[in-house]
Amino acid sequence: MSKKTHITLKVNGKSEEFLAEPRELLIYTLRERLNITGPHIGCETSHCGACTVTVDGKSVKSCTMFAVQAEGAEITTIEGIGTPDSLHPLQEAFKEHHGLQCGYCTPGMITRAAKLLEENPAPSEEEIRFGMAGNICRCTGYQNIVKSIQAAAAEMNSSQSSSSEAVGHKTTEAAE
Amino acid sequence: MHNFDFVKPGSVAEAAEALKAEDAMALGGGQTLIPTMKARLNAPSALVSLSGMAEMVGVSGSDPVVIGGATTHGQVAAEAGYPALAALAGQIGDPAVRSRGTIGGSLANNDPAACYPAAALASGAVIKTDRREIVADDFFVGMFETALEEGEIITSVSFPVPAKANYQKFLQPASRFALVGVFVAQFDSGVRVAVTGASEEGVHRWSAAEEALSANFSAEALEGLSVASDGLMSDLHGSAEYRAHLVKVMTGRAVRAAG
């Protein structure tokens, strides 16, 4: 009955184009059509956040969005955050501070945390817990996830402030 | 999930036309509708997406604050010049839900534990549709039931801004809906108190508290009042008696927080 729809979108900077039924959920587009298997299917009922990706700058549960709704969108998944050789500070911090055990929730957790730190670069513990409320972890009890995010924030802020100090230096020199 | 046609209209008029198709449904942010489709509780022939039309998105005005029907909770939280409403929007669900879910979708669904209906009813909001204007007192009819007709679209919601207002939500931590939520709004003309998450009929006003608070806007004014548990929801998260108790507690907290 329903026709397939022509969809174009960008995932981790790469343009994709395909035909899909309107009922195709974005998580299936990513995992099964595009073979981007970082985002996981945990509950498939919008609760767990394992499928969290960033769509046009906003955290979204990709199991609760149709691919047709992502027409023209720019999507970032865990594959677009750091590389095995050059981990994102969050990935480094999750590794260092035991922010994961089984690892199933981790791609969604880190994708959301990266967005959270963009929105709020120095969150308190309470702000982290509130900002991560849509991502459920059944292993860690969250303490080490909070610690990891705090450690990553500190790391990102210190490298940022040292680079802005450097910029400040230059400005001073230029002014002189 | 059964398949369906997807319609992306360019205007409200086109959306209204598309919604005339048999079993067509409007799609806001989809944060309730998509899960219900997965569970086959809804199987529309077509989904008409309301989220891509600029005329239905945005926050404007200072009193009233006017919010486009397809505006996300996240945008309301960030932009609405009505602090109690912005705070409420910022606590709906979780960040991903707030990225997608819309005010029009929430009001049209009228979940008996949703937050927005309490804000609309307590503020005396006016719900504007593609056909008419409906005052909040006439809009909420019962659990998951509103005055909306078949295919009617909420284009915007207009909130008068009270002198003082606050929303207190007792969080049901798994669903992140309100176990009980109370919105208190003090206007020159009197106080309005709306309760969500409690009644089997959905959101409703607590008139005894309104009278008491209109005479004396303080939590102490509620002392002699009690809420009957008749007609309140009862489930594994809380009995009707527990919810009745919470209504008074949350109203007191809202009054104190409103200052």
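Labels below follow one simple rule: chain letters A, B, ... track the order of the sequence lines, proteins then strands, and each chain is numbered from 1. The figures that follow rest on heavy atoms only: side chains count, while hydrogens, waters and symmetry mates do not.
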Among residues 130-149 of chain A, residues within the sub-4.5 Å heavy-atom range of chain B, in order of number, are A/Phe130, A/Gly131, A/Ala133, A/Gly134
Self-check item: Under 3.5 Å donor-acceptor, B/Glu17 side chain and B/Ala15 backbone
Solution: no
Under a 3.5 Å cutoff, is there a donor and acceptor pairing between the side chains of B/Thr36 and B/Asn42? yes
- For the residue pair A/His6 and A/Phe18, is the inter-centroid distance of their aromatic rings smaller than 6.0 Å? no
### Task
Please determine if A/Glu24 and A/Arg33 form a salt bridge, counting it only when a charged side-chain N lies under 4.0 Å from a carboxylate O.
yes
How about B/Glu152 and B/Thr129: does a side-chain donor come under 3.5 Å of a side-chain acceptor? yes
Will you find, in the side chains of B/Asn166 and B/Gln168, an N or O donor that is under 3.5 Å from an N or O acceptor? yes
What I'd like to find out is whether the side chain of A/Thr29 reaches to under 4.5 Å of the side chain of A/Ile7, using heavy atoms alone.
no
- Query: Distance-only, no hydrogens or angles: does the B/Ser123 side chain make a donor-acceptor pair with backbone N or O of B/Ala120 under 3.5 Å?
  - Reply: no
Within residues 53-69 of chain A, the residues sitting under 4.5 Å from chain B by heavy atom, in sequence order, are A/Lys58, A/Ser59, A/Val60, A/Lys61, A/Cys63, A/Thr64, A/Met65, A/Phe66, A/Val68, A/Gln69
ask   = Are side-chain heavy atoms of A/Ile81 and A/Leu90 found at a separation under 4.5 Å?
value = no
With a 4.5 Å cut-off on side-chain heavy atoms, are B/Lys20 and B/Glu150 touching?
no
Indicate yes or no: at least one non-hydrogen side-chain atom of A/Glu74 is less than 4.5 angstrom from one of A/Leu9. no
Check this for me, if you would: do A/Arg129 and A/Glu127 make a salt bridge, where the nitrogen-to-carboxylate-oxygen distance has to be below 4.0 angstrom? no
| query | Are the side chain of A/His47 and the backbone of A/Thr45 linked by a donor-acceptor contact shorter than 3.5 Å? | reply | yes
When the 4.5 angstrom heavy-atom criterion is applied to B/Ala174 and chain A, the contacting part is backbone
A/Thr77 side chain to A/Glu79 side chain, donor-acceptor N/O pair below 3.5 angstrom: yes
For A/Asn12 and A/Thr76, does a side-chain donor sit closer than 3.5 Å to a side-chain acceptor? no
The interface call for B/Leu27 against chain A, heavy-atom contacts under 4.5 Å, is side chain
Listed by number, the residues in residues 78-93 of chain B that come under 4.5 Å of chain A (heavy atom to heavy atom) are B/Gly90, B/Gln91
Checklist entry - Is there side-chain contact between B/Val157 and B/Lys128, with heavy atoms separated by less than 4.5 Å? => result no
Checking heavy-atom separations under 4.5 Å from chain B, one finds in residues 91-121 of chain A A/Arg112
**Q.** Sub-4.5 Å side-chain heavy-atom contact between B/Phe4 and B/Met37
**A.** yes
